[in-house]
Every structure is written in C-alpha cells, then in structure tokens.
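Remarks on the structure that follows.
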Amino acid sequence: MGQDLPAFADAEEVTYSLLTALGTVVKGAPANLVLPLYLIKRIGGNSDYVTDFAHIMVIAVGTTRLQSMSMQLAVQRIIENAFCTEVTLPDNSVVLIDGSNVLTSGYPEPYENIDTKQVAAVYELRMRRPIIAAH
C-alpha cells in the first residue's frame, strides 16, 4: 500500500515566490500588459514519487529587447542559485528545491504587438513535497 503523501507544490507558485523580488510576476497573461513583467507557466516535467521535476517557462517582457534580455539573465541567476533553497508559500508550507537547471536559455519570443519585446527561457526545478505548516 502507498502512503498518503501531500501533493507536490504548485511549481508556478514556487517560481512566483522565487522571482517576486525582481518586479511584477504573473501566472497568466494579463489582458493589459503593464511593462516590465515576468510571465511564468509550467510547461511539463514529471516526478519519481519523491521529487517533482517541474519544467517552468519564464517569459521576460520588457519595453526593449535589451531590457528583456537583462531581465531574463536576472531570472537565470536566481534559478541557477536556487538549489538547496527553502521556499515559503502563501499557505506557509515550505518547499525544498533540491536542484535547478537551465533547459533552454533566453531566446526571443514572438508576440503579436511588435513593440513588446519578450525573451523566454525554460528551467527545471527539482522539488520535494511541501512541509505543511502546523496549525
């Protein structure tokens, strides 16, 4: 019989918590873009029962390509240094990031508004199940 383990943490919520110090971070494309901002979304990954191997796309949206590239490099530094990091989520649960990896480094992302410059990258966060805060 399997154990009744808590679900893995929402990888987008973990990434959101890691990146909020950089500026505006959103988990879904807003109707009206107020730049600069970071758009995060989980695009894949799997688990081995112990660890969630989440693949997260981060799109840096700036007013110029140079700004977007600079924003994406700031994200990359945070993600690359996120190994062995505890992240506290809004529900006060704590997630340990065992490792992190750059899967696809920053590349220009097309957008229907040609004045908006986007640079996307894909990262992997290897996370344990959250530790639920005691009530």
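Worth saying up front: this structure is predicted, and the values here are computed from it rather than measured. Here, residue 1 is the first one in the sequence, and each next residue gets the next number.
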Should [X] and [Y] count as side-chain neighbours, where that means a heavy-atom distance under 4.5 Å?
X	Y	answer
Met71	Tyr38	yes
Tyr123	Val75	yes
Lys117	Met69	no
Arg42	Asp52	yes
Val34	Thr24	no
Ser17	Leu89	yes
Val102	Gln76	yes
Val58	Ile79	no

Rounded to the nearest 0.5 Å, what separation is found between the [atom1] atom of [X] and the [atom2] atom of [Y]?
X	Y	atom1	atom2	value
Gln72	Arg77	CD	CZ	10.5 Å
Cys84	Asp98	SG	CG	6.5 Å
Leu125	Thr51	CG	OG1	12.0 Å
Ile43	Leu103	CD1	CG	8.0 Å
Leu96	Thr85	CG	OG1	8.0 Å
Thr15	Met57	OG1	CE	12.5 Å

ILVMFWY cluster, [X] and [Y] together (side-chain gap under 4.5 Å):
X	Y	result
Ile78	Ile56	yes
Val122	Leu37	yes
Leu39	Leu19	no
Ile40	Val119	no
Val14	Ile59	no

Would you find more than 12 non-hydrogen atoms of other residues, nucleotides or ligands less than 6.0 Å from Phe83 atom CZ?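 Open: at most 12 neighbouring heavy atoms sit under 6.0 Å from CZ of Phe83.
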Counting heavy atoms not belonging to Arg128, are there more than 12 under 6.0 Å from its CZ?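 12 or below, so no.
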Closest non-hydrogen atom pair, [X] against [Y]:
X	Y	result
Pro36	Gly62	CB-CA, 4.4 Å
Ala121	Ser105	CB-C, 3.9 Å
Glu13	Lys27	OE1-NZ, 2.6 Å
Ala54	Ala11	CB-CB, 3.4 Å
Tyr49	Phe8	O-CZ, 3.8 Å
Ser100	Ala82	OG-N, 4.0 Å

With Arg126 as the cation and Phe53 as the aromatic partner, state whether NZ or CZ is under 6.0 Å from the six-membered ring centre and within 45° of the axis.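 Pair Arg126/Phe53 does not count as cation-pi.
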Walk me through it: do Tyr16 and Asp10 pass the test side-chain contact (heavy atoms from CB on, under 4.5 Å)? CA-CA 10 Å; Tyr16 179 87; Asp10 180 337; over 6 Å; no
